[in-house]
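In this chain, residues are counted from 1 in sequence order.
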Amino acid sequence: MNTAGTHAPGAENMIIIGAGPAGYAAAIYAARAAIKPLLVTGIQPGGQLTITTDVENYPGFAEVIQGPWLMEQMRDQALAMGTRIAQITITDADFIQRPFSLTNDDGKILKAKTVVIATGAQARWLGLESEQFYQGFGVSSCATCDGMFYRNKTVAVIGGGNTAMEEALYLTHHASEVLLVHRRDAFRGEKILQERVANNSKIRVLWDRTLDEVLGAGNPKGVNGMRLANVHTGDTQELAVDGVFIAIGHDPATKVFRGKVAMDDSGYILTESGTTTTNIPGIFAAGDVTDHVYRQAVTAAGQGCMAALDAERFLSTLDE
């Protein structure tokens, strides 16, 4: 286990699982409260912001900043406050009794009086090589994050559910035209969204088509088109676009906690309204593991703050 600082024996006051905005914010607040938290990074330190290039909607920065840089700053701040960081992955959890038990990828068991789950969520991708190549350079999974970069340009949204229609409608506030590509001949989402899409003159729906390849001028010059395939005939067509948004859903990174804490049918952890408290006293959840609506770095960071404060209050009730 690679940690910064010393590792206290016995049960940790708090273990934070996840090194995105929620995890780092929880660590900063917990460290300032002298809780001496241990943050375990998992397999993707920095979360989704590590694959996000330009960030211009995180409060406090007048100029565009880079996602990886922002996460480095959060990490450095957490360390400066006294957080210990372990570059390990949690593979199992036992929340039946306290102190709780967490097993890492080396088989070592860590004990904790409180746990903050901040493992985030991952966008679903189609698995195309060109899609991966242009991520952050014209391919995105978040319209509210990146839509501003496509003012008066043509963009494509891939998908046919609520997520895709919501992304397409949002992008009409920036783009001159939005091509909504769906592999079927009808939408699967809510009727009200279907009506809004149908009535929006900026949206053009391309039915019965799948994304075959993202086209571009190379990385970092970016995307300049896409090739679509007709699902019935296999015929392909190339269209000029400035950006491609993949909108086929997100998956919360909560597999290891299934059956251990209450979740909804999609795997998002359930918390008490207005708090980060789960159904297990002493277990808290923050960020995209609980949020399938906003999915923003700033909301995740806010929930991380809440989790640390909720955990601090909980610790104060324990008999020492």
Q: Please check if the distance between the ring centroids of Phe245 and Tyr170 is under 6.0 Å.
A: no

Q) Which pairs pass ring-ring contact (aromatic ring centres under 6.0 Å, His included) with one or both residues in residues 64-108, sequence neighbours excluded? A) Phe61-Trp69, Phe95-Phe100

Q: For residues Gly243 and Tyr150, report the shortest heavy-atom separation together with the two atoms involved.
A: CA-CE2, 3.6 Å

Q) So, for Ile246 and Leu126, which heavy atoms are closest and what is the spacing to 0.1 Å? A) CD1-CD1, 4.1 Å

Q. Can Ser101 and Lys111 be counted as having a side-chain donor-acceptor contact under 3.5 angstrom?
A. yes

(Q) On a heavy-atom basis, which atom in Lys113 and which in Leu318 lie closest, and how many Å separate them? (A) CB-CD1, 4.4 Å

Only distances under 3.5 Å count here; give the side-chain donor-acceptor pairs of residues 274-285 to other protein atoms, sequence neighbours excluded, each with its distance to 0.1 Å.
residue	atom	partner	partner atom	Å
Thr275	OG1	Glu272	O	3.0
Thr275	OG1	Thr277	N	3.1
Thr276	OG1	Asp310	OD2	2.7
Thr278	OG1	Ile280	N	3.1
Thr278	OG1	Ile280	O	3.3
Thr278	OG1	Ile283	O	2.8
Asn279	OD1	Ala262	N	2.9

Q) Hey, what do you get for CD1 (Ile17) to CG (Leu110), rounding to the nearest 0.5 Å? A) 9.0 Å

Q.
For Asp251, is there an ion pair with Arg124 - N to carboxylate O distance below 4.0 angstrom?
A. yes

Q) Do NZ/NE/NH1/NH2 and the carboxylate oxygens of Asp242 and Lys153 come within less than 4.0 Å? A) no

Q: Determine whether the aromatic ring centres of Tyr268 and His292 lie less than 6.0 Å apart.
A: yes

Q) Checking Asp94 side chain against Ile96 main chain: does a donor-acceptor pair fall under 3.5 Å? A) yes

Q | Rounded distance [0.5 Å steps], CD in Glu72 versus CD in Gln77 | A | 14.0 Å

**Q.** Closest non-hydrogen atom pair between Gln296 and Asp288, with its separation
**A.** N-OD1, 4.4 Å

Q. So, are Arg84 and Glu12 salt-bridged, with charged N and O less than 4.0 Å apart?
A. yes

**Q.** Nearest non-hydrogen partners of Ala301 and Ala25, listed with the distance
**A.** O-CB, 3.3 Å

Q) Closest heavy-atom contact between Met263 and Gly267? A) SD-O, 3.6 Å

Q | Gap between atom OG1 of Thr172 and atom CG of Leu180 - 0.5 Å precision | A | 11.5 Å

